[in-house]
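Here's the structure we're looking at; comments come further down.
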Amino acid sequence: MPHTASRYLAEGPRVGIRHFTYEDGAEFTARVRESKDLHQPWLFPPADGDAYTAYARRLIQDPAKAGFLVCEVDGGGIAGFININNIVEGGFRCGALGYGAFAHASGRGLMREGMNLVVGHAFGPMRLHRLEINVQPTNAASIALARTCGFRLEGFSPDMIYIDGAWRDHERWAITAEMRTSG
């Protein structure tokens with residue numbers, strides 16, 4: 001049987017990562033609506049077609065962003081998403097991660113596998129050196145994901161990001177390519 005190329009940029013035992021497409025809108029927004037209780041008050045991803053199209057357009061067209069869908073290899077359903085925002089090249093070579101699991105995939109380790117694939121892709125083909133995560137201190141699941149994927153806590157930023165009508169405190173987590181290869 002001839003080998004066929006994977007539709008994923010990177011693939012693990014249970015998930016693969018691929019870029020967003022406009023055609024993912026219906027499934028993505030349905031998953032967002034199902035996951036509202038899981039996401040809020042920390043995260044507000046697009047929940048309708050128009051909002052998704054605008055969101056996907058930014059991830060697809062803006063060179064300072066890279067969006068990845070975490071998809072279950074068995075069936076291809078979207079388990080979550082991980083975006084690298086504020087990508088800076090040159091001597092800095094870094095980006096800031098934002099992510100969310102969908103309710104049906106929460107607690108199954110799929111996002112941990114997906115995060116490790118995205119980090120490997122960022123430090124490999126994307127040639128980034130540093131990735132940062134800014135997370136609200138009360139978001140225990142997001143902090144646990146950062147910690148289990150090898151990110152280190154670097155600090156606390158009061159009133160850092162405007163979310164849901166208020167400036168929110170955030171913890172700063174980061175990983176570098178050297179940390180990944182030494183650990």
Side-chain angles (χ1 to χ4, degrees), residues 4-12 15-36 38-40 42-73 76-102 105 110-111 113-136 142 145-146 149 151 160-165 168 170 172-177 180:
T4 56
S6 174
R7 66 187 200 141
Y8 300 114
L9 299 164
E11 189 174 330
V15 302
I17 58 167
R18 64 177 176 81
H19 288 296
F20 279 72
T21 69
Y22 295 113
E23 292 77 21
D24 294 311
E27 181 183 358
F28 188 93
T29 56
R31 295 292 187 196
V32 166
R33 291 187 300 273
E34 293 168 1
S35 305
K36 183 178 178 182
L38 178 66
H39 291 160
Q40 294 179 3
W42 303 290
L43 186 62
F44 297 85
D48 66 54
D50 290 340
Y52 175 83
T53 298
Y55 178 76
R57 182 181 306 116
R58 288 189 300 273
L59 293 171
I60 293 167
Q61 295 180 1
D62 186 343
K65 298 180 184 302
F68 302 92
L69 294 173
V70 177
C71 301
E72 293 186 71
V73 174
I78 301 171
F81 58 96
I82 303 170
N83 300 329
I84 306 176
N85 299 298
N86 306 322
I87 296 171
V88 179
E89 295 179 345
F92 205 37
R93 294 195 341 240
C94 73
L97 296 177
Y99 50 87
F102 291 129
L110 301 176
M111 288 300 290
E113 188 176 322
M115 179 68 78
N116 284 321
L117 293 172
V118 168
V119 170
H121 186 76
F123 291 156
M126 292 181 70
R127 300 191 52 199
L128 295 179
H129 173 258
R130 176 183 173 85
L131 294 170
E132 301 176 358
I133 296 171
N134 295 296
V135 59
Q136 292 179 58
S142 190
L145 179 61
C149 289
F151 287 75
M160 182 178 184
I161 302 173
Y162 194 78
I163 299 173
D164 196 27
R168 308 290 179 180
H170 281 71
R172 295 185 322 276
W173 294 77
I175 191 170
T176 64
R180 177 93 169 180

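These values consider heavy atoms only, across backbone and side chains, with no hydrogens, waters or symmetry-generated copies.
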Exercise. Evaluate the side-chain contact (heavy atoms from CB on, under 4.5 Å) criterion for residues I133 and L145: first the C-alpha distance (whole Å), next the side-chain angles of each, then the deciding distance (0.1 Å), finally the verdict.
Key: CA-CA 10 Å; I133 296 171; L145 179 61; over 6 Å; no

Quiz prompt | Intermediate values then yes/no, side-chain contact (heavy atoms from CB on, under 4.5 Å), L97 and W173 | solution = CA-CA 10 Å; L97 296 177; W173 294 77; over 6 Å; no

Practice problem: Please assess H129 against T176 for the test side-chain contact (heavy atoms from CB on, under 4.5 Å), listing each intermediate value before the final yes or no. | Solution: CA-CA 6 Å; H129 173 258; T176 64; 4.0 Å; yes

Practice problem: Would you sort out whether M126 and H121 count as a side-chain contact (heavy atoms from CB on, under 4.5 Å), showing the intermediate values? | Solution: CA-CA 6 Å; M126 292 181 70; H121 186 76; 3.8 Å; yes

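Between the CG atom in L128 and the SG atom in C94 there is a gap of 7.5 Å [rounded to 0.5 Å]. Taking CD1 from I163 and CZ from F44, the interatomic distance works out to 8.0 Å, rounded to the nearest 0.5 Å. Annotation: the span from F68 atom CZ to L117 atom CG amounts to 10.5 Å, rounded to 0.5 Å. Interatomic distance, CE of M115 versus OH of Y99, reported as 5.0 Å (0.5 Å rounding). Atoms CD and CD1, from E72 and I78 in turn, are 10.5 Å apart once rounded to the nearest 0.5 Å. Going from atom CG of L110 over to atom SG of C71 covers 11.0 Å, rounded to the nearest 0.5 Å.
Taking both residues in full, the closest heavy atoms of Y22 and T53 are given as CE2-O, 3.9 Å, listed atom of the first, atom of the second, then distance. Scanning both residues, Y52 and T21, for their nearest heavy atoms gives OH-O, 2.6 Å. In terms of heavy atoms, T29 sits closest to A26 at OG1-O, 3.3 Å. Heavy atoms only, all atoms of each residue included: G120 and R180 are closest at N-NH2, 3.7 Å. In terms of heavy atoms, A47 sits closest to R33 at O-NH1, 2.7 Å. The shortest heavy-atom contact between F20 and N83 is CE1-OD1, 3.4 Å.
Tested against D24 for a side-chain contact (heavy atoms from CB on, under 4.5 Å), the candidates R31, H19, R18 yield a single pass: R18.
When atom types are taken as modelled, the side chain of Q136 and the backbone of R168 share no donor-acceptor pair closer than 3.5 angstrom. Judged by distance alone, with hydrogens and angles left aside, the side-chain atoms of Y8 form no donor-acceptor pair with the main-chain N or O of V15 at under 3.5 Å.
Surrounding CD of E89 are at most 12 heavy atoms belonging to other residues, nucleotides or ligands under 6.0 Å away. For CG of D164, the number of neighbouring non-hydrogen atoms (other residues, nucleotides, ligands) closer than 6.0 Å is greater than 12.
Taking the ring centroids of F102 and F81, they lie under the 6.0 Å cut-off.
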